[in-house]
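Below: one structure, written as structure tokens.
The structure displayed is predicted, hence computed values, not measured ones. Every chain is numbered from 1 and lettered A, B, ... according to where its sequence line falls, protein lines coming before strand lines.
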Amino acid sequence: MYQPPSLLEKWSQENNELVNKCKQQEAGGGAVSRDHRQSSLRWCSSEFHKLLRKIQGIPPHVDHSQLELAVVYNTCVCFTAQSQFSEAELLLKEATERVLQVTGNNADTSDPLVLWRAGLKSAGNTALHPHVLYLLCLQWALWLAKCQLENIGELQEQMSSLCEIVCDGVGDCSPSEAKGRLSKSPLLVMEPKRLTELLQICTSIAQGAEKLNEGRSSEALSDLQAASALPATRALVAYTHLLSGSCLAHMNRPQMALQCYKRALETDSRCVCALYRSMLIYRQLGNTQAEIQALRLLHSTLMLPPATEPVLGGIQPLSPSLLLSSQSLSRLLSVPSALSVLYSLALKCVLSGRVTEGVEHYLDLLAALHSEDQHAVDAEVSVLPRMLELYLEAGTALLFTRRPADCMAFCNEVISTTLELVPEKVVLEEPEEGIGGDARGLSVEGEDKVAMLLWAAAAYLLQGHCHTHLKDWKQAVTHYTRCINLLVKVHLKNRDFQPQIPAADVNVKHGKDLCTLQRMKGLSLAWRGISFTQMDQLREALRDLQLSLQAFPDYTGAGLWCGEVLWRLGRKHEAAACWEKTWSLTTQTSVEKLPLYLQDPQSGPLLDSVELRLRIQELGLT
Amino acid sequence: MEGRCAVETWAQFGFSGRSYKVKILCGFGTDVLICTGTEEIYVFSKRERKITTVLLLPAAVSDLVGNQDKQLIYVACRSGVYRVNLQFLLHRDQSSQADASSSPAELKISQECLVVGADEVSSLLLVGSVLLTLCQRDASWLLTLYKTPKQTASTSHEEFGSFHLPVVSAVDCGAAESNRGPRKGSVLICIHSGDVEASSPSNASAESTVAQDHFHLEPLLFKLLFGVEAALAKSPVILCGLPDGRLCFLPLRLPGSRLRVLHSLEQPVCFVGASVVTETGHAQCLVAAGEQGRVVLIKTDKAGSEGGSAMAAFTEGCVPGPVWCGCMDKSCFYYSTGADLLRLDLSEGSFARESKERGEETSGMTAAALQSPSSLNVCRVIALAEPACSTAGDVQLLGVSARGQLQRICLPAGRVDEGSSKLPSTQVSRSVRDLLSAIGDVCERASVLKTVIKSKNQFLRLLNHAVSVSFLLMADTTTDLPIKEKPIRCHFETSWSRLLQKDSLSLVCFLHNSSPFVLERGWTLSITVSPLSYSSSPAGESSSTNFSFPFHDLRPGQTFEASLPIAAAGDASFPMTVSCSLIFSLSSLLGEEEVAASFAGLQSSCISLPLSTLTVDWLHALQLNSPTAAHKMATVQPSSAAADSIQTFLSSRQLRCSGRTNKGGESAAKPESEKYSASVWVSSEIVRDTLKPKKSSNLDAKESIRDPEDLCLSLLERLLSEDTEGVKMGCQGDKIALSTSVAHARGPNGAAMKLTVKEINVGEEESTDKEATIEVQIESSSLAAVCGLHHAVLRRIQTLLQSATEKAASTKNVQILGLRRALQRAEIQQSQISGAFGEVVSTVQRDRLLLSVYQELRRNPLLIV
């Protein structure tokens with residue numbers, strides 16, 4: 001069967017032209033937009049596909065099967081780059097079958113693994129062998145992209161021999177020989193050697209991630225450390241370090257994990273994930289200063305303009321991101337958005353006492369949220385709290401830095417937003433029974449009316465604190481009263497137990513809302529009492545403080561002040577008892593978990609415990 | 001509905017069929033852009049009443065939005081979104097108009113204008129600098145956000161976000177398509193929260209985009225529908241109506257927001273808008289209409305459910321006929337069924353609300369309103385835009401008819417409705433409470449401020465007084481007024497008193513305020529008494545004493561009297577200086593507690609104004625032994641006399657007079673034992689001259705003082721009682737009747753002394769011109785007394801003479817002889833002194849020597865002429 005050589009030449013010429021065009025476009029790829037690149041890829045793949053159809057129009061033959069396989073390779077690369085995996089896989093399967101036909105074997109199986117083994121075997125040592133191997137590379141890439149790592153595992157030996165042959169084979173050829181072969185052989189869109197290298201490291205990374213996910217950390221660690229020596233782009237090497245670090249963190253070796261993350265950062269400075277992971281480790285270790293530092297770095301890195309795409313993708317049509325699409329890996333590589341990092345930073349600063357800094361971050365965050373550049377890009381993980389809570393927290397931070405006027409402005413904003421939506425009466429049920437239903441007052445948008453009420457109340461509470469800070473007791477009383485008036489609108493349902501139950505128990509049993517409600521009640525009553533004390537209205541003060549202790553028995557401030565008021569009323573022994581009781585309370589450590597705005601204000605009148613003890617002593621003496 | 005609509009056809013374009021999406025875009029000055037679903041966009045100029053330009057696009061146009069600010073329009077075609085710069089276009093248009101005025105210019109929009117290469121974009125929206133496209137991809141609706149470049153020159157439109165919403169009920173959608181041809185409309189509008197308007201800068205740009213698809217919704221409804229987060233972030237919300245009947249919304253600037261479904265009409269949405277605009281410019285009602293006539297009105301239900309809080313109320317209803325297109329003005333929804341143009345007055349619903357009907361009844365009313373749209377009798381309208389309300393209340397609409405006519409439709413004046421909104425009672429009570437408490441606060445503050453202002457005024461007045469007084473006193477020191485004429489002056493009197501068997505000298509100070517100012521709180525009279533010389537006091541210690549008397553209210557013309565003990569008999573060292581000053585302290589003015597609290601440094605700060613400084617000398621402190629007094633003393637107080645003499649003895653010991661001066665006996669009784677004496681000679685002429693005016697002014701002018709005896713008497717009198725520099729010896733009970741020119745007295749140290757004034761003739765015996773001289777001789781056994789009295793007498797005479805110096809200039813001759821003798825004496829004395837210091841003698845001897853020289857000096861004075 002004779003084929004006119006002109007046809008073969010024409011095809012191979014056509015192929016080479018296409019490849020050259022493709023490469024030109026790739027080379028200029030940095031400048032043109034992604035859209036443009038996509039469309040050119042589409043065009044290329046359709047052209048290759050057309051060519052392939054022409055070639056495959058005739059029965060398989062040894063002479064031009066080399067060209068055919070090259071065109072199959074090129075077409076598949078283009079398909080894969082466009083994530084058209086099924087088309088590519090189909091082509092590969094057809095190609096293998098045709099190889100088998102050429103070599104005279106018959107394939108009566110549809111199992112790709114068996115098919116490939118057969119194909120490789122039949123190609124044996126013929127001239128077709130490298131081309132079959134190239135196709136196997138593509139199959140590998142497809143499996144990787146589709147996260148079918150087990151298939152890769154099955155063909156482990158073939159793969160490793162493939163690597164040797166592809167990498168060494170090309171390398172071993174003397175330049176002249178290589179040139180001669182290249183001039184004859186049809187051009188390829190992507191160099192197989194590069195593809196193999198890429199596949200190797202990406203496979204290691206994907207497998208590492210998978211193993212890590214399954215809990216086989218030490219196994220994954222050794223693989224990843226081996227992979228870090230492979231030739232690859234910086235970003236990929238950084239990934240290996242990063243994953244090694246994650247393994248080590250998993251194995252409870254935080255310091256070594258930190259080292260790995262550091263190496264990842266050194267390898268690729270844009271590896272924000274390493275920064276993020278380091279931050280998590282610092283948080284776990286309780287190293288607040290380092291954590292804040294890491295958060296700050298992370299934020300500034302995230303605020304940098306995004307890196308230009310070609311660095312990661314190279315100028316190859318197949319980008320690593322295409323190959324590294326496994327769920328477990330993306331989970332490991334995910335980094336929260338810049339805004340939520342900024343939020344964590346702000347909160348951490350305030351909690352660790354660097355209030356002024358924290359305030360700056362809060363203000364930056366709010367400014368960012370209000371800026372026109374901020375748009376609702378759909379981030380899958382948004383750990384930002386609700387906007388109103390942000391306002392309240394920022395207000396609290398401002399109060400901590402003694403800027404009550406600014407705090408009040410924030411609170412006013414919150415109040416004006418929520419007050420209209422606060423219901424006249426709301427029923428708070430036990431969460432086990434009362435989820436859903438009208439009683440919870442879910443609005444159209446699903447916003448909880450209870451939360452709305454609690455926010456408004458918290459805003460009033462903060463305003464009260466502001467006035468307390470300014471020693472404007474009358475106004476303080478007014479605002480605390482407003483807070484209390486809102487809080488009493490909440491009716492608790494199915495609560496037949498006594499309020500004397502410790503708050504911790506309540507905390508566990510009932511939702512966050514109930515805990516918040518009780519604490520806010522306690523705080524607002526106690527501080528109204530304290531304000532009354534300052535205005536010398538001792539009876540009202542005593543009433544409020546006692547109510548506060550009923551609502552929230554663990555609040556030491558209320559206890560101490562209750563004693564103080566009793567003392568001033570001349571009931572000194574009661575006062576002493578009250579103080580003793582307050583001191584005997586075990587201080588709760590749950591402060592960290594509370595929202596910032598429910599913490600005890602750091603300003604306002606204080607009682608000195610030492611002085612109180614002295615008073616008790618004197619009382620005992622007389 | 002009396003009165004008919006006037007329809008005016010403006011233009012006709014070659015177009016027929018009702019299957020395309022027709023859109024009228026206004027807002028570019030007088031130009032109106034019309035797209036009819038073909039490749040052409042017509043630019044109609046209202047001024048010229050004709051189509052000026054036709055834009056030819058590469059494919060059928062599906063949507064059109066504009067940015068008035070930049071004079072840009074974005075056109076969605078089958079093949080992508082094109083951007084056309086109208087300014088440039090109209091410019092060219094005008095230039096080309098000159099030649100071909102009748103036929104519209106045709107402009108081909110080339111591929112260069114393609115900015116977004118997305119296929120089958122069904123709707124477009126511009127929000128600020130963000131371009132949104134809505135298109136259907138496979139099985140989902142895709143809302144994509146593009147950033148438009150700041151410079152109009154650049155063409156890059158960067159995609160930065162997209163949102164998916166899966167397509168549901170594709171079958172329904174397909175059915176609708178089969179019914180109505182290729183029309184697959186979707187609506188995109190942007191809703192802003194009402195209260196954002198003024199504040200956010202983003203709004204300025206949003207405002208400038210054509211307002212047709214931007215609405216400002218009442219804040220409460222906005223919050224109810226789209227959440228507080230969006231309201232707080234001041235984020236605009238994108239509302240899209242899909243052909244499957246869903247109304248979806250997306251807060252544009254909220255991180256992590258998703259496309260969510262607000263409502264479903266269950267028929268293709270063909271219009272979404274907001275109406276019932278209040279005075280503040282916020283729409284109170286959101287309206288969505290489906291193709292088959294289902295309309296949903298979304299309003300705030302304030303009285304709402306049993307919870308009492310506001311809720312969003314969705315009122316669904318059906319209006320007759322297919323809805324082709326719609327538009328809204330401030331209170332009405334106009335829509336065309338193809339056969340008729342209808343008007344729905346939405347404000348009626350709110351009227352029903354006012355009439356206190358509740359719940360279902362209210363919605364019933366609204367539904368009823370939906371049932372009865374009023375017909376306007378205009379048919380075949382397939383697109384509506386730009387309702388404009390004239391001052392007379394006429395409404396004008398722009399419409400496109402199914403035959404391709406651009407029409408202006410004038411509607412007859414509607415009724416003017418009055419929408420006064422009422423607040424629910426809870427809100428009212430809350431606001432009343434707020435107001436009351438605010439009033440209370442203001443009142444409290446006002447009273448506080450009033451007292452502050454009052455005290456400030458008081459303070460200023462006091463300060464003003466203080467400054468005036470100090471100026472007055474400063475003027476005194478500069479002009480050197482005589483003491484009597486000073487506006488605030490003080491003088492003193494000395495008086496001996498006997499208390500607990502002890503004589504003590506007290507000084508009474510009189511401060512006379514003849515200034516026009518009241519000396520009130522804050523002013524203090526401070527008197528410092530200190531010895532003139534410290535020679536006699538034991539080393540170092542300063543023995544000055546300070547007295548201060550705060551004033552309470554010394555009115556003009558009043559006199560303040562204070563008496564201060566100077567010394568008990570015997571233990572004072574005379575002469576002493578009394579300086580008095582007025583002190584004004586700021587701290588007393590401010591009030592102690594404030595000062596103590598805040599200005600610790602202020603306590604010492606005060607203004608001190610010296611009044612006068614004077615000397616209390618021996619003459620002031622003399623205790624004259626009038627005959628009666630002497631008797632009294634001799635008889636009544638032997639013990640005290642004895643004590644006195646002991647005192648005298650001790651003091652004389654202290655004075656280091658030699659031991660033999662006193663022997664402890666009554667010094668007054670034994671004048672011969674050891675007497676020191678000193679004398680002063682004054683020319684009697686001078687004395688006469690100086691005493692005369694005083695006499696005439698003081699006592700009886702008739703009394704002659706020619707008599708030398710009288711002269712002596714009056715001089716003595718003068719010496720003893722005269723008020724020098726404001727210090728006067730107080731009258732000791734009775735007026736001293738000096739019968740002789742000899743006065744016996746006891747000094748403050750208890751020493752008895754004699755003061756003799758007599759006329760002698762001084763001068764050489766042989767000399768012819770004997771000068772009539774008055775000698776004042778002081779004799780006492782106490783050296784200290786002699787010295788002190790001598791000093792005092794000299795001072796008196798000095799002041800006497802000072803007042804008469806110019807008169808005394810006519811002294812006849814100088815006693816040359818006397819001078820010579822005096823010179824001689826002086827030489828001798830000097831040699832004695834130098835001898836005393838030169839020889840090595842004991843200190844006792846030297847002292848005695850010096851004392852004798854001193855006595856010599858005192859005994860032989862120079863005549864004062």
Side-chain angles (χ1 to χ4, degrees), chain A residues 33-36 38-39 337-340 343 366 368-384 386-391 413-414 416-427 438-439 441 443-447 449 451-453 455 472 474-475 478 481-482 485 489, chain B residues 116-118 128-130 145 147 156 158-164 195 200-202 205 219-220 223-235 238 250-260 262-263 298 300 302 304-312 314 426-427 430 437 440-441 444:
Chain A
S33 70
R34 224 180 52 183
D35 267 355
H36 199 242
Q38 282 291 332
S39 63
S337 69
L339 286 180
S340 54
Y343 169 71
L366 289 177
L369 284 174
H370 277 142
S371 83
E372 226 186 309
D373 297 332
Q374 167 63 39
H375 287 292
V377 181
D378 53 345
E380 302 105 55
V381 274
S382 173
V383 290
L384 272 184
R386 310 294 299 270
M387 198 84 162
L388 285 168
E389 288 179 19
L390 269 183
Y391 267 64
E413 190 92 350
V414 172
S416 68
T417 312
T418 51
L419 204 57
E420 289 171 313
L421 304 177
V422 169
E424 277 301 301
K425 176 187 152 194
V426 66
V427 180
D438 315 6
S443 74
V444 186
E445 203 240 337
E447 243 161 349
K449 298 235 161 186
M452 202 74 73
L453 185 143
W455 285 328
D472 186 354
K474 191 165 175 287
Q475 282 294 326
T478 311
T481 308
R482 284 181 184 164
N485 285 346
K489 286 182 183 176
Chain B
V116 175
S129 63
V130 180
L145 279 65
K147 201 167 273 175
S156 75
E158 189 193 337
E159 177 191 334
F160 66 94
S162 61
F163 300 89
H164 294 265
D195 50 1
S200 96
S202 69
S205 53
L220 179 56
K223 279 185 274 188
L224 284 172
L225 293 179
F226 311 123
V228 277
E229 305 280 298
L232 208 56
K234 304 190 174 17
S235 160
I238 310 300
L250 170 82
L252 191 59
R253 290 207 194 105
L254 213 57
S257 56
R258 291 175 292 115
L259 253 182
R260 279 184 285 185
L262 181 69
H263 190 71
I298 306 167
T300 317
K302 276 171 183 153
S305 57
E306 75 290 337
S309 69
M311 301 268 282
F314 289 70
T426 51
Q427 221 167 340
R430 195 179 71 222
S437 93
D441 288 345
E444 196 172 283

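Annotation: the span from A/Leu390 atom CG to B/Leu232 atom CG amounts to 9.0 Å, rounded to 0.5 Å. Taking CG from A/Leu369 and NZ from B/Lys234, the interatomic distance works out to 12.0 Å, rounded to the nearest 0.5 Å. Atoms OG and CZ, on B/Ser437 and A/Arg482 in that order, are 5.5 Å from each other to the nearest 0.5 Å.
Contact between A/Thr418 and B/Lys223 at its shortest, heavy atoms only, is N-NZ, 4.5 Å. Closest non-hydrogen pair, B/Ala233 versus A/His370, comes out as O-CD2, 3.3 Å. The shortest heavy-atom contact between B/Val228 and A/Met452 is CG1-SD, 3.9 Å.
Only the side chain of A/Lys474 has a heavy atom closer than 4.5 Å to any heavy atom of chain B.
For the pair B/Arg430 and A/Leu419, the minimum side-chain heavy-atom distance is below 4.5 Å.
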